[in-house]
There are 2 protein chains.
Amino acid sequence: MKQILIVEDEKIIAELERDYLEAHGYKVEIAADGDSGLKLGMSGEYDLIILDLMLPRINGFDVCRQIREKHNVPILMVTAKKEDIDVIRGLGLGADDYITKPFKPGELVARVKAHLARYERLIGTKENKEQIRIHGLLIDYGARRVFVHDQEVILTTKEFDLLYFLALNPNRVFSKDQLFEKLWGMDALGDAQTVTVHIRKLREKIEIDASKSQYIETVWGAGYRFRL
Amino acid sequence: MKQILIVEDEKIIAELERDYLEAHGYKVEIAADGDSGLKLGMSGEYDLIILDLMLPRINGFDVCRQIREKHNVPILMVTAKKEDIDVIRGLGLGADDYITKPFKPGELVARVKAHLARYERLIGTKENKEQIRIHGLLIDYGARRVFVHDQEVILTTKEFDLLYFLALNPNRVFSKDQLFEKLWGMDALGDAQTVTVHIRKLREKIEIDASKSQYIETVWGAGYRFRL
DNA sequence: GTTGATTTAATAATTATTTAATAAATGCTT
DNA sequence: AAGCATTTATTAAATAATTATTAAATCAAC
């Protein structure tokens, strides 16, 4: 679940925003002044920050600039005056979007959603997809079931995790060590060789012809890649 | 220099935009309909795309969606009606920003600048560019794939590393020893002659005519250089 | 305890990399 | 401009590294 930080001194507005965002499935926290907003924002715990320009103690400009120096988190600036927008933009603070009060709550939610989507697209911290369909393959994450051309294949836990992770990041190469760390946990003790064996079994089950894999490609010297 | 594509059927507007952007140091090309806009946009040669919603042949929605499926390039949507913006946002096409006609040219430039800056912040850190495109060459780092004029060529690990490193630092000459140290590690034991052989194989694969290299130049007595 | 999943280990198969030897090209000296 | 020294290109063979496969051992769930 995505975490959002609202930095806003007007309690009524902050809570209104929070309610709307929570209704759309986000986890929200509120900071009531620039000081605490900066402190929380710098923690790096949030996926997006909504930042009011006019704040007690430290103003929105400086909060934005300082957070931006350290983190790439999307920042949405909220201003009372439309004219401010050009000024802010001109300052090049690194805010990602600007929205003027009063705004329709739906608009805020739409922008939040759009920015989170873009950020995911660019950075690749993907949220779990419920279903993935590629070519003849259907991976149902909730049910943990996999179908190849409408024919169910039974996978073990590790096989499923492996397939799901690769399919979630298609076309990207992951080394055996990366896969091992991703799926077994970084402190797991063991050999990346086990990845090889699981890939082998997985292919046996989902590939028509194991010798020329259509889904999972071997990238020699680099790792494996799910072909899109 | 950043390349911008304007997809806009109204010639007057397109040229106005172009003039302003060129005055700010951008290289601009114009596509006058959805068809050619899509084709150019899909080439991946541009750093940003300005896309009008109403277009002949293929509308802006579909152009945006299709480009977005393949590329992460920032897309700015231009609409005539302010009311459209919420509709577009709701569709989740993956556009990065929205601007309504008529707009002050300064505003367009400011947004273009802001989006390019954000994009660089997130992606274009020279240390690990996700994709490099030069002339007909596309190097996809994450997928570890290389295309020459949309034709994939299969490279080995060392060949890929070599090409990627050189392309990341175009126009700069590296001696064989420097390359060996960079790619093999400073404590690697071995001969820089192996670099020569890898360059040879790399050229064989990516150069049209191996005798007159278009990508990797030999600088006699100094080393190799990726020609920009 | 039995079953099935996972890991380890050993070996085979495949592919990449390096070495080495020779040819070709370039620059320098006279 | 010819000849020599140096650097780079080319090629093939030898070596090294990586991945695939298989079977047996270990582990975990029921």
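Here is how names work: the chains are called A, B, and so on, in the same order as the sequence lines, proteins then strands, and each is numbered from 1.
More than 12 heavy-atom neighbours from other residues, nucleotides or ligands sit within 6.0 angstrom of CZ on R144(A). Within 6.0 Å of atom CD in Q151(A), 12 or fewer heavy atoms from other residues, nucleotides or ligands are found, so the atom counts as exposed in its surroundings. Enclosure of atom CG in D150(A) is not indicated, since only 12 or fewer non-hydrogen atoms of other residues, nucleotides or ligands lie within 6.0 angstrom.
Distance CG (L202(B)) to P (dT8(D)): 17 Å, rounded to an integer number of Å. Atom CD in E217(B) sits roughly 12 Å away from atom P in dA9(D) (whole-Å rounding).
Along DNA chain C, read 5' to 3', the first and last nucleotides having any atom under 4.0 Å from a heavy atom of chain B are dA16(C) to dG27(C).
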**Request:** Produce a footprint string for nucleotides 25-30 of chain D: one letter per nucleotide, 5' end first; B if the base is under 4.0 Å from any protein heavy atom, S if only the sugar-phosphate is, - if neither.
**Result:** ------
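Qualifying salt bridge (Lys or Arg N to Asp or Glu O under 4.0 Å) partners for E17(B), counting only residues two or more places apart in sequence or in other chains: none. Judged as a ring-ring contact (aromatic ring centres under 6.0 Å, His included), and not counting sequence neighbours, Y224(A) has no contacts. Residues meeting the ring-ring contact (aromatic ring centres under 6.0 Å, His included) test with F174(B), sequence neighbours left out: F165(B). Residues satisfying the ring-ring contact (aromatic ring centres under 6.0 Å, His included) criterion with W220(B), sequence neighbours excluded, are absent altogether. With sequence neighbours excluded, the residues that form a salt bridge (Lys or Arg N to Asp or Glu O under 4.0 Å) with E159(B) are K205(B).
Taking a 4.0 Å limit (strictly below) on heavy-atom distances, residues 220-228 of chain A reaches DNA chain D at W220(A), G221(A), A222(A), Y224(A).
OP1 or OP2 of dT10(D) has not a single side-chain nitrogen or oxygen of R203(B) nearer than 4.0 Å.
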Name each donor-acceptor pair under 3.5 Å that joins a side chain in residues 176-183 of chain B to protein atoms two or more places apart or in another chain, with its distance.
from	atom 1	to	atom 2	distance (Å)
Q178(B)	OE1	S175(B)	N	2.9

Which side-chain N or O atoms in residues 20-27 of chain B pair as donor and acceptor under 3.5 Å with protein atoms at least two apart or in another chain?
from	atom 1	to	atom 2	distance (Å)
H24(B)	ND1	Y20(B)	O	2.9
K27(B)	NZ	Q3(B)	OE1	3.0

Under 3.5 Å donor-acceptor pairs involving side-chain atoms of residues 31-38 of chain B, not counting sequence neighbours:
from	atom 1	to	atom 2	distance (Å)
D33(B)	OD1	D35(B)	N	2.9
D33(B)	OD1	S36(B)	N	2.9
D35(B)	OD2	R57(B)	NE	3.2
D35(B)	OD2	R57(B)	NH2	2.9
S36(B)	OG	D33(B)	O	3.3

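Expressed to the nearest 0.5 Å, how far CE of M77(B) lies from CG of L51(B) amounts to 5.0 Å. Here the CD1 atom belonging to I199(B) is positioned 9.0 Å from the CG atom belonging to L163(B), to the nearest 0.5 angstrom.
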Just the table, please: protein N/O against nucleotides 22-24 of chain D N/O, every pair under 3.5 Å.
from	atom 1	to	atom 2	distance (Å)
dT22(D)	OP2	R200(A)	NH2	2.8

